[in-house]
Amino acid sequence: FRLQSERHPEIVAPQYYSKEEIRELIELAQMYSITIVPEIDMPSHMHAILEPHPELQLKSSKGIVKVGDIDLSQDASYQLMQDLLEEFLPLFPGPYWHIGANEYIRQEDYADFPSLLTYAQQHYGPDANARDAYLGFVNWANDIVKSHGKITRAWSDGLYGGKVVQVATDIIYEHWLKSSATPQEILARGLILTRENAGYLYYVPGLDWQVPADIIYEVFDPHIFRGQTSSIPLRQRNLGVRLRLWSDYPERETENQIAEG
């Protein structure tokens, strides 16, 4: 859902829902015992949010603008994100809030963004690396979510690789991609996770990314990490698995075709 912000009316999405419409949807979901888990993806995939704030878009040392990535070295970036979180967190009564935290700086190396390294060393000490700025953001957002009495959920890719900052252990870590902390790191750090193994549990209408049901029945094990073939139990920390239906191209399949798939 795209929500119209009252605190930031300059953020105009092509299609958005009013707060009243969201309240009606939450009431409908409650009738069917469905929990709505909202996600405002940060610090990446922020294209609509950053369109009226180009000065907050992350820029590399080569002048490449990361259109959907917010610059985590600017104080104004945190103010904008906090405004949105504080505005929309109270709207949803469920116990969870998803911060996204996925696919930040996807193609380039963190070394191409010296401003992040400077920020990290200023805030976390001289031994910090650039990725610590990103990991520090995750913990910062988690603190805001917890202040509203909710549990943070975040995607797994990227939540590793810092030198001095470790991701908080009270975040539900949604493991979907091989580019994540290793099972051994998860064990050592005591992270809580769910499995969204994209090799088995992703369904994207209109694309060749639809694992057949027989493969799930015959091969899938809820304790297999993406990119691995052996089962790694972690039973006390594995909250279960989720099937993910992504609506990147919603017009390519009808609801009945998706259900059949």
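Computed from heavy atoms alone, side chains included, the values below leave out hydrogens, waters and symmetry copies. Owing to the predicted nature of the structure, the values given are computational and were not obtained by experimental measurement.
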Worksheet item: Between Ile22 and Ile36, is any pair of side-chain heavy atoms under 4.5 Å apart?
Response: no

Fill in: Atom of Leu191, atom of Ala168 and distance for their closest heavy-atom approach
CD2-O, 4.2 Å

Worksheet item: What's the verdict on side-chain contact (heavy atoms from CB on, under 4.5 Å) for Leu207 and Asp248, showing C-alpha distance, side-chain angles and the deciding distance?
Response: CA-CA 9 Å; Leu207 294 185; Asp248 298 59; 5.7 Å; no

Worksheet entry | Candidates Leu50, Ile105, Leu72 - the one meeting side-chain contact (heavy atoms from CB on, under 4.5 Å) with Leu58 | Ile105

Worksheet item: Is there a side-chain contact between His45 and Glu39, using heavy atoms and a 4.5 Å cut-off?
Response: no

Worksheet entry | Ile144 and Trp97, any side-chain heavy atoms less than 4.5 Å apart | no

Worksheet item: Are more than 12 heavy atoms from other residues, nucleotides or ligands located less than 6.0 Å from atom CD of Glu10?
Response: yes

Worksheet item: Does Pro205 reach the side chain of Leu245, with side-chain heavy atoms less than 4.5 Å apart?
Response: yes

Worksheet item: Do the side chain of Tyr104 and the main chain of Ile70 share a donor and acceptor less than 3.5 angstrom apart?
Response: yes

Worksheet entry | Atom of Ala128, atom of Tyr124 and distance for their closest heavy-atom approach | CB-CB, 4.1 Å

Fill in: Connected via hydrophobic side-chain network under 4.5 Å: Leu85 and Val167
yes

Item to complete: Could you tell me how the ring of His53 sits relative to the ring of His8: parallel (under 30°), tilted (30 to 60°) or perpendicular (over 60°)?
Response: perpendicular

Practice prompt. Return yes if some donor-acceptor pair links the side-chain N/O of Ser44 with the main-chain N/O of Asn102 below 3.5 Å, else return no.
Written response: yes

Discussion item. Do Lys59 and Asp71 have side chains that approach each other closer than 4.5 Å (heavy atoms only, starting at C-beta)?
Written reply: no

Item to complete: State whether the side chain of Ser247 and the backbone N or O of Pro250 hold a donor-acceptor pair below 3.5 Å, judged by distance alone.
Response: no

Worksheet item: Under 6.0 Å from the CD atom of Glu103, do we count more than 12 heavy atoms belonging to anything else shown?
Response: yes

Discussion item. Has Ser156 got a side-chain atom pairing as donor or acceptor with Glu174's backbone, closer than 3.5 angstrom?
Written reply: yes

Fill in: Cluster overlap Leu80 with Val138, hydrophobic side-chain contacts below 4.5 Å
yes

Practice prompt. Report the distance from atom OG1 of Thr118 to atom NE2 of His123, rounding to the nearest 0.5 Å.
Written response: 11.5 Å

Worksheet item: Would you find more than 12 non-hydrogen atoms of other residues, nucleotides or ligands less than 6.0 Å from Glu251 atom CD?
Response: yes

Worksheet entry | Short side-chain to backbone donor-acceptor contact, Gln210 and Tyr203, under 3.5 Å | no

Worksheet entry | Test side-chain contact (heavy atoms from CB on, under 4.5 Å) applied to Thr194 and Arg153, step by step | CA-CA 10 Å; Thr194 59; Arg153 286 163 52 172; over 6 Å; no

Worksheet item: Rounded to the nearest 0.5 Å, what separation is found between the CD atom of Glu255 and the CD1 atom of Ile258?
Response: 7.0 Å

Item to complete: For the residue pair Trp155 and His98, categorise the inter-ring angle as parallel (less than 30°), tilted (30 to 60°) or perpendicular (more than 60°).
Response: tilted

Worksheet item: If every non-hydrogen atom of Ala101 is compared with every non-hydrogen atom of Asp41, which pair is closest and at what distance?
Response: N-OD1, 3.2 Å

Discussion item. Once side-chain hydrogen bond (donor to acceptor under 3.5 Å, both in side chains) is applied, what residue pairs with a partner in residues 127-139 remain, sequence neighbours excluded?
Written reply: none

Worksheet entry | Joint cluster assignment, Val37 & Ile151, ILVMFWY side-chain distance < 4.5 Å | yes

Discussion item. Nearest 0.5 Å, please: how far is CH2 in Trp176 from CG in Asn197?
Written reply: 11.0 Å

Worksheet item: If every non-hydrogen atom of Pro90 is compared with every non-hydrogen atom of Glu86, which pair is closest and at what distance?
Response: CD-O, 3.2 Å

Practice prompt. Measure the spacing between CG of Leu239 and CG of Leu193 and express it to the nearest 0.5 Å.
Written response: 7.0 Å

Item to complete: Please round to the nearest 0.5 Å and tell me the distance separating atom CZ of Arg7 and atom CD of Glu87.
Response: 6.0 Å

Worksheet item: Are the side chains of Leu116 and Tyr110 in touch, meaning some heavy atoms are under 4.5 Å apart?
Response: yes

Item to complete: Kindly say whether Glu6 contributes a backbone atom to a donor-acceptor pair with the side chain of Lys19 at under 3.5 angstrom?
Response: no

Worksheet, complete the sentence: Nearest heavy-atom approach of Pro52 to Glu55 is O-OE1, 4.5 Å

Worksheet entry | Residue pairs fulfilling side-chain hydrogen bond (donor to acceptor under 3.5 Å, both in side chains) with at least one residue in residues 162-173, sequence neighbours excluded | Asn142-Asp170, Lys146-Asp170, Gln166-Arg189

Worksheet item: Near Tyr78 OH, under 6.0 Å, is it more than 12 heavy atoms from other residues, nucleotides or ligands?
Response: yes

Fill in: Heavy-atom pair with the smallest gap, counting every atom of Ala154 and Leu159
CB-CD1, 4.1 Å

Worksheet item: Hey, any chance Leu91 and Leu89 share a hydrophobic cluster, counting ILVMFWY side chains that come within less than 4.5 Å of each other, even indirectly?
Response: yes

Practice prompt. Kindly determine whether Tyr200 and Arg195 satisfy side-chain contact (heavy atoms from CB on, under 4.5 Å), including the steps that lead there.
Written response: CA-CA 10 Å; Tyr200 294 100; Arg195 305 293 177 89; over 6 Å; no

Fill in: Note, Lys66 side chain near Ser60 side chain (heavy atom, < 4.5 Å)
no

Discussion item. Other residues, nucleotides and ligands only: do more than 12 of their heavy atoms fall within 6.0 Å of CG on Asp214?
Written reply: yes

Worksheet item: When clusters are formed by joining ILVMFWY residues with side-chain heavy atoms under 4.5 Å apart, either directly or through shared neighbours, do Val165 and Ile99 land in the same one?
Response: yes

Fill in: Donor-acceptor side-chain pairing of Gln79 and Asp83 below 3.5 angstrom
yes

Worksheet item: Taking atom OG1 of Thr35 and atom CD1 of Ile26, what is their separation to the nearest 0.5 Å?
Response: 10.5 Å

Worksheet item: Is it true that a side-chain atom of Ser77 and a backbone atom of Ser73 form a donor plus acceptor pair closer than 3.5 Å?
Response: no

Worksheet entry | Non-hydrogen side-chain atoms of Met46 and Gln57 separated by less than 4.5 Å | no

